[in-house]
There are 2 protein chains.
Amino acid sequence: MAKNTKARHDDLRKRLIDLAEKTVEAEGLSALRARDLANKAGCSVGAIYNVLTDMNTLTLHVNGRTFKRLGIAVAASIADKADLPPRDRLIALSLAYLDFANNNFKAWTALFDIEMTAGPDVPEWYQNALNELFRHINGPVREIYPEMGKIDSDLMTRGLFSSIHGIVLLGLQRRISGVPQEEMARMITLILSNLSK
Amino acid sequence: MAKNTKARHDDLRKRLIDLAEKTVEAEGLSALRARDLANKAGCSVGAIYNVLTDMNTLTLHVNGRTFKRLGIAVAASIADKADLPPRDRLIALSLAYLDFANNNFKAWTALFDIEMTAGPDVPEWYQNALNELFRHINGPVREIYPEMGKIDSDLMTRGLFSSIHGIVLLGLQRRISGVPQEEMARMITLILSNLSK
DNA sequence: CCCTCTCAGTGAACGGTGTTCAGAATGTAA
DNA sequence: TTACATTCTGAACACCGTTCACTGAGAGGG
């Protein structure tokens, strides 16, 4: 029965993450409540804590899935575009990022709404997921700036990602007036098109 | 006494905002609690609600002050640099933004941590404060791209602000590995220096 | 078949939020 | 002093995540 318990635990854990993912996608991270979740899963509140250490780690699991989907969507955007000029590949990547954030707004928001006060460092899988995104950007960057040293081209890569992220973030949160949805794509294109050299 | 109460209310409101500002600066938005605040102000919890509709509006007041300080800091960075080339002025503005966010990290974070789910629109003063920042950016942008139409140059302005914001945000939150403090300035400089035309 | 005995699962209870509102306290006027 | 109006108070409420003393179902031996 030790084996049996583990199987039941694994099963419950998976169901909880599935349900949490649906909730986050539909209503956002703030709608993820322990009692509601237990209710939907047909278990007690306590059962959640038999299987997951925290509500926070549950969110981490959901975010892990979101990051995976994000990575796939971004990679797909340049899968058949290897022959395009590097600037156009950067634009394609960025628009895919915008598109994903827009179509999965609440799940995408949850990626950055989570607490990360524990220590100076972020979970490893989070770093890995970001590094995966960086890899895609780094190729075009090195093509555009072949003379640039590795340190600077890495900085440029992270800087470009952060820039696009900032545009998408402030735009989708409607924190900046006069940036309707359809203009965000143009904003991204404008900035990336004007990268010199 | 109607006058008298108004004066007392105004006084209490001011003291509450002062105390809240200190708390947010020292410990962050999450440390702002109604009971603690009442304790520090020497009043009852209920008194807060006689004078402020909400804990959220209290945060808005604090954020208003932070935005004002931010605006002053950013404006000061180019006050004596009118003769510099536009790209250098953009860099000065951006580094001032980075500097302010770094030196007032918790208060600056609070600017964007606040709930804005109420309706599709953000408070008016928030928009005004942002527009003030945009004005500073718009000048150099129009100098760099004199042939650009107003619509596009406005998009470029907002896009550049969002970009710098994204770099500062992800960098200071340590959400991106390998971007130590001193390299963020270089990251910003790299990107802005490579704006073409 | 029954009786232990173990242990996973339960949900009431705990500590912590923001917010409210019946009543106490204070002030005003007759 | 008394009657009334106004202001202020803090216990109580609703709602979080989290815990832990209990329950009850199932295993194994007699």
Side-chain angles (χ1 to χ4, degrees), chain A residues 1-17 19-21 23-24 26-63 106 109-110 113-118 123, chain B residues 1-17 19-21 23-24 26-63 106 109-110 113-118 123:
Chain A
M1 74 253 45
K3 269 292 169 54
N4 211 330
T5 335
K6 191 192 177 311
R8 260 180 302 124
H9 277 196
D10 289 349
D11 185 64
L12 177 59
R13 189 182 300 111
K14 187 189 171 308
R15 275 195 304 131
L16 287 174
I17 298 172
L19 288 167
E21 190 176 18
T23 302
V24 170
E27 307 170 64
L29 191 56
S30 62
L32 189 60
R33 275 173 275 270
R35 284 167 184 79
D36 290 356
L37 189 68
N39 207 23
K40 286 176 188 167
C43 70
S44 68
V45 241
I48 296 174
Y49 293 87
N50 291 338
V51 156
L52 294 158
T53 63
D54 231 77
M55 271 289 156
N56 201 55
T57 67
L58 176 59
T59 308
L60 284 178
H61 277 101
V62 173
N63 281 353
K106 292 187 173 149
T109 298
D113 273 358
I114 199 172
E115 287 281 329
M116 289 200 179
T117 45
Chain B
M1 72 260 39
K3 269 295 170 53
N4 210 330
T5 38
K6 189 191 178 313
R8 261 180 302 121
H9 277 194
D10 289 349
D11 184 65
L12 177 60
R13 189 181 301 110
K14 188 189 171 308
R15 276 195 304 130
L16 287 175
I17 298 172
L19 288 167
E21 191 176 18
T23 302
V24 169
E27 307 170 63
L29 193 56
S30 62
L32 189 61
R33 275 174 275 270
R35 285 167 184 79
D36 291 356
L37 189 69
N39 207 22
K40 286 177 189 167
C43 70
S44 67
V45 240
I48 296 174
Y49 293 86
N50 292 338
V51 156
L52 294 159
T53 64
D54 230 81
M55 272 288 155
N56 201 54
T57 66
L58 177 59
T59 308
L60 284 178
H61 277 100
V62 173
N63 282 352
K106 293 186 173 149
T109 297
D113 274 358
I114 200 172
E115 286 282 327
M116 289 201 181
T117 46

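Chain letters run A, B, ... following the sequence lines, proteins first, then strands; residues in each count from 1.
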For B:V62 and B:E21, the nearest pair of non-hydrogen atoms, with its separation, is CG2-N, 3.8 Å
B:N39 CG to D:dG10 P, in whole Å, measures 11 Å
**OP:** Any chance you could lay out the side-chain contact (heavy atoms from CB on, under 4.5 Å) test for A:L16 and A:R13, step after step, and finish with the verdict?
**Re:** CA-CA 5 Å; A:L16 287 174; A:R13 189 182 300 111; 5.7 Å; no
Rounded to whole Å, the CD1-P distance (A:I48 to C:dT10) equals 11 Å
Open item on the list: Could you tell me if the side chain of A:L58 sits less than 4.5 Å from the side chain of A:M55, heavy atoms only?
Closed with: yes
Notebook entry, point to check: Hey, does B:T23 have a side-chain heavy atom less than 4.5 Å from the side chain of B:R33?
Noted result: no
Could you tell me whether A:H9 atom NE2 has more than 12 heavy atoms of other residues or ligands within 6.0 Å of it?
-> yes
Rounded to whole Å, CG of B:N4 lies from C1' of D:dC8 at a distance of 14 Å
Next item on the list: Evaluate the criterion salt bridge (Lys or Arg N to Asp or Glu O under 4.0 Å) for residue pair A:D36 and A:K40; output intermediate values, then yes/no.
Entry: CA-CA 6 Å; A:D36 290 356; A:K40 286 176 188 167; 5.8 Å; no
Whole-Å distance, A:L37 CG to C:dT10 C1', equals 16 Å
Overall bend of the helix from C:dC1-D:dG30 to C:dA30-D:dT1 (five pairs an end, 10° steps) is 40°
inquiry  = Quick check on D:dC8: is either OP1 or OP2 less than 4.0 Å from any side-chain nitrogen or oxygen of B:H9?
reply    = yes
B/S/- along nucleotides 11-17 of chain C (protein heavy atoms under 4.0 Å) is B-B---B
Rounded to whole Å, CE of A:M55 lies from P of D:dT19 at a distance of 12 Å
Winner on side-chain proximity to A:R8, out of D:dT18, C:dG9, C:dT20, is C:dG9
Handout entry: Verdict with reasoning, A:R15 to A:D11, per salt bridge (Lys or Arg N to Asp or Glu O under 4.0 Å)
Key = CA-CA 6 Å; A:R15 275 195 304 131; A:D11 185 64; 3.7 Å; yes
Residue set satisfying side-chain contact (heavy atoms from CB on, under 4.5 Å) with A:S30, at least two apart, ordered chain then number -> none
From CZ of A:R15 across to P of C:dG9 the rounded distance in Å is 11 Å
Heavy atoms only, 4.0 Å cut-off, all strands: where does A:N50 land among base, sugar-phosphate and nothing?
base
The nucleotide from D:dC8, D:dT19, C:dT19 with an atom nearest the side chain of A:Y49 is D:dT19
Before you tell me yes or no, could you show the steps for A:I114 and A:N56 under side-chain contact (heavy atoms from CB on, under 4.5 Å), namely the whole-Å CA-CA distance, both residues' side-chain angles and the distance that decides it to 0.1 Å? CA-CA 8 Å; A:I114 199 172; A:N56 201 55; 3.5 Å; yes
To the nearest angstrom, the CG-C1' distance between B:N56 and C:dG18 comes to 11 Å
